[in-house]
Protein chains: 2
Amino acid sequence: MSQRLTLQKTDVTAVSLLFNALSNEYRVGIVNLLRTGPKNVGEISDALKIEQTMASHNLKCLAFCGLVTSQRLGKTIEYTLNRETVEPILRLADKHISKYAANLRNCKTLER
Amino acid sequence: MSQRLTLQKTDVTAVSLLFNALSNEYRVGIVNLLRTGPKNVGEISDALKIEQTMASHNLKCLAFCGLVTSQRLGKTIEYTLNRETVEPILRLADKHISKYAANLRNCKTLER
DNA sequence: AGTTTATATGACAATTCCGTCATATTAAAC
DNA sequence: GTTTAATATGACGGAATTGTCATATAAACT
């Protein structure tokens with residue numbers, strides 16, 4: 001009896017929302033910082049020299065997308081990178097940029 | 001004699017611009033469509049039921065980021081997916097979404 | 001050369017996003 | 001239980017992005 005497979009199709013909306021989370025310098029900065037290990041909000045905003053509120057807003061977005069997780073430690077909340085997906089994605093991005101999109105480095109906004 | 005390696009650091013700006021290209025439904029739709037093979041602009045706008053102008057604008061962005069390449073074939077211009085980077089990235093995204101971000105499917109905009 | 005077909009470009013209004021401020025929540029310390 | 005420290009939330013104006021329209025370019029056909 002032949003088995004009916006649910007063909008896993010790419011969910012275009014979900015994918016665009018996921019990458020939207022990585023389409024902002026603050027969020028990529030946070031994600032990149034968290035590669036060095038878990039940090040709380042204060043440590044993140046200090047390290048990246050951004051306001052606490054800005055860090056919080058962007059962490060919320062990253063958490064909603066499952067790219068980071070959070071855990072309260074007393075008064076502080078520690079954010080941890082979802083390495084399983086973020087590491088390979090960043091490696092692919094780095095490789096792509098150096099091979100195919102070196103010009104991206106010198107452009108602030110994408111003209112269309 | 002010890003060799004001086006240029007440590008490849010993630011370029012936060014470039015990475016955010018690259019993922020910005022994949023942060024839009026039209027562009028992810030185009031990229032996903034091109035997995036089935038190269039297509040010209042008319043075929044793309046027909047298949048996705050979007051206006052030609054919309055297709056052109058978004059193809060320009062994808063091309064600038066090196067995610068697609070183009071080639072004129074007579075009157076028509078054919079766009080080809082950069083499979084080398086897009087395939088693994090989409091596979092990672094699909095896997096991440098089903099494992100960590102199922103809720104993304106049911107949300108139009110990222111609240112923050 | 002003029003017409004048609006395919007695609008790209010530029011501009012503008014409408015929408016969405018971002019940065020910041022004011023305020024709320026939560027836990028620890030006193 | 002009041003205060004302090006850490007973080008989150010909501011709101012609002014300014015900035016960036018998007019969708020569409022008008023127009024430009026480029027090749028093929030007559």
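Note that the structure is predicted; figures quoted are calculated from it, not measured. Worth knowing before you read on, the calculation uses all heavy atoms, side chains too, and leaves out hydrogens, waters and symmetry mates. In what follows, every chain begins at residue 1, and chains take the letters A, B, ... in the order their sequences are listed.
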Would you say B:N58's side chain and B:M54's backbone share a donor-acceptor pair under 3.5 angstrom?
yes
How close or far is atom P of C:dG19 from atom CZ of A:R27, stated in whole angstroms?
9 Å
Starting at atom CD of A:E78, determine the distance to atom P of C:dA27, rounded to an integer number of angstrom.
17 Å
For A:F19 and C:dC17, give me the distance from atom CZ to atom P, rounded to whole Å.
18 Å
Could you list the residues that satisfy salt bridge (charged side-chain N to carboxylate O under 4.0 Å, His left out) with A:R35, not counting sequence neighbours?
A:E87
According to side chain to side chain donor-acceptor pair (under 3.5 Å), who are the partners of B:K99, at least two apart in sequence or on a separate chain?
A:E84
Side-chain N or O of B:T76 versus OP1/OP2 of C:dT7: is the shortest distance under 4.0 Å?
yes
Residues passing the side chain to side chain donor-acceptor pair (under 3.5 Å) test with B:S16, sequence neighbours excluded, are none
Does B:Y79 put a side-chain nitrogen or oxygen below 4.0 Å from OP1 or OP2 of C:dA8?
yes
Mind calculating the distance between CD1 (B:I44) and P (C:dA6) to the nearest angstrom?
14 Å
I need the CD1-P distance between B:I50 and C:dT7, as an integer number of Å.
13 Å
Name all pairs fulfilling the ring pair (Phe, Tyr, Trp, His ring centres under 6.0 Å) condition that reach into residues 20-55 of chain B, sequence neighbours left out, sorted by first residue then second.
none
Where along nucleotides 20-30 of chain D does protein come under 4.0 Å, by heavy atom, of base (B) or sugar-phosphate alone (S), with - for untouched nucleotides?
BBB---SSS--
Ignoring hydrogens and angles, state whether a donor on the side chain of A:S45 or A:Q52 is under 3.5 Å from an acceptor on the partner side chain.
no
What is the distance, rounded to the nearest whole Å, between atom NZ of B:K60 and atom C1' of D:dG19?
16 Å
Residues that B:K39 engages under side chain to side chain contact (heavy atoms under 4.5 Å, CB included), provided they are two or more places apart:
B:L33, B:L34, B:T36, B:E43, B:I44
Return each pair, listed once, that meets ring pair (Phe, Tyr, Trp, His ring centres under 6.0 Å) where at least one residue sits in residues 68-98 of chain A; pairs must be two or more places apart or across chains.
A:H96-A:Y100
Rounded to whole Å, CG of B:N24 lies from P of C:dT16 at a distance of 13 Å
Please list, chain by chain and in numerical order, all residues satisfying side chain to side chain donor-acceptor pair (under 3.5 Å) with B:N24, sequence neighbours excluded.
none
Heavy atoms only, 4.0 Å cut-off, all strands: where does A:S56 land among base, sugar-phosphate and nothing?
base
Could you check which residues of residues 30-43 of chain A get a heavy atom under 4.0 Å from DNA chain D? Sort them by number, please.
A:N40, A:V41, A:G42
